[in-house]
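This report refers to the structure that appears directly beneath it.
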Amino acid sequence: MTPASRPSPPASAFTARRLISIDDLGDSEITYILNLAEHYAGFLQRSAPAPQRLAGRTQINLFFEDSTRTNLSFDLAGKKLGADVVNVPVSASSIHKGESLVDTAQTLAAMGADIMIVRAKEEGLHERLDKLLSCVVVNGGAGALEHPTQALLDAATIRSQFGRIEGLTVAICGDVKHSRVAGSDARLFTRLGATVRFVGPAHLMPDGDQFTDVERYENLKDGLAGADIVMGLRMQFERMGDGDADAAKGYFEEFGLSHETIKLAKPGAFVMHPGPMNRGVEIDGALADDPERSLILRQVFYGVATRMACLDALVGAP
Ligand code: CP
């Protein structure tokens with residue numbers, strides 16, 4: 001795609017003014033972001049300068065939890081579009097003098113933020129900030145609940161390989177219960193017409209009244225049969241209670257993703273993983289590093305392009 005073929009916004013216009021959940025976006029807005037992500041991927045592939053659609057805008061990245069991919073790709077995305085980007089050094093901030101997360105966010109917004117990317121585990125914090133702050137609030141990861149920009153970049157990655165999402169079968173494997181990515185991916189991929197499955201041991205599945213439209217499998221053989229994409233998930237020990245502390249014992253032998261177990265999926269199926277990976281816990285390093293079967297680094301590449309698209313759609317120049 002050339003710069004001249006910039007995707008047109010939806011006929012109904014892009015009206016979303018927050019991105020806290022995938023459900024904040026209408027179907028045409030999702031399509032627009034995926035098309036725009038592909039557009040920006042072209043600039044990144046050519047190492048060409050992108051249009052400065054965020055010139056004069058201030059973007060604040062406020063991450064109360066650790067992050068490599070999300071924080072740094074939002075940083076890069078904003079800079080490539082010409083924004084003034086501030087990464088808040090939370091570990092050296094006044095949070096440690098007792099300031100609340102909300103007061104910190106309000107203070108930063110008062111410095112003139114147009115858009116704030118927030119990662120925090122506190123349930124309801126993003127919604128509260130959206131009501132309190134005059135800037136656009138984007139969820140950079142909310143506990144075990146939602147990670148909408150990860151879902152969008154995962155969809156953009158799948159589309160770059162298959163040209164579509166509709167009609168594909170995506171098996172999301174592992175610690176689904178504690179994964180914000182699994183939830184956002186399932187919501188988005190289902191809306192885009194994919195069949196989504198959760199695969200893993202019963203104690204790492206979400207409660208039965210959640211995701212009732214998603215098939216569940218407690219063994220790899222049935223769960224991976226016919227899958228086009230196998231999405232591995234990290235074992236999220238930091239969110240587990242004492243009862244799940246032994247979750248990794250015997251896990252790889254039963255559910256680990258490897259060249260051997262990927263054979264259970266459709267021939268030529270691809271493996272994905274939102275990262276960070278724990279090699280030897282949920283995925284074998286040889287499969288993760290296999291360029292013929294793994295889209296994991298492509299997910300990272302699309303992370304920048306997709307976040308450029310999100311920033312542009314939400315606060316870019318008209
Ligand atoms: N996938 C993801 O959110 O990675 P980080 O925790 O490194 O941002």
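Quick caveat: nothing in here was measured; it's all calculated off a predicted structure. For ligands, and for the atoms within them, numbers begin at 1 and follow the listed sequence.
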Original post:
Is there a donor in the side chain of Asp154 and an acceptor in the side chain of Tyr302, or the other way round, less than 3.5 Å apart?
Top reply: no

Subject >> With Asp222 via side chain to side chain contact (heavy atoms under 4.5 Å, CB included) - residues at least two apart >> reply: Tyr217, Asn219

Original post:
Are Arg57 and Asp84 close enough for a salt bridge, meaning some N to O gap below 4.0 Å?
Top reply: no

Original post:
Can you list every pair that meets side-chain hydrogen bond (donor to acceptor under 3.5 Å, both in side chains) and has a residue in residues 260-274, with sequence neighbours left out?
Top reply: Asp228-Lys266, Ser258-Thr261, Glu260-Lys263, His273-Glu282

Subject >> ring pair (Phe, Tyr, Trp, His ring centres under 6.0 Å) contacts touching residues 116-157 (sequence neighbours left out) >> reply: none

**OP:** Give the protein residues with at least one non-hydrogen atom closer than 4.0 Å to an atom of ligand 1, ordered by chain and number.
**Re:** Ser67, Thr68, Arg69, Thr70, Arg119, His147, Gln150, Pro274, Gly275

Original post:
Between Glu146, Glu65, Glu123, which is the residue that forms a salt bridge (Lys or Arg N to Asp or Glu O under 4.0 Å) with Arg180?
Top reply: Glu65

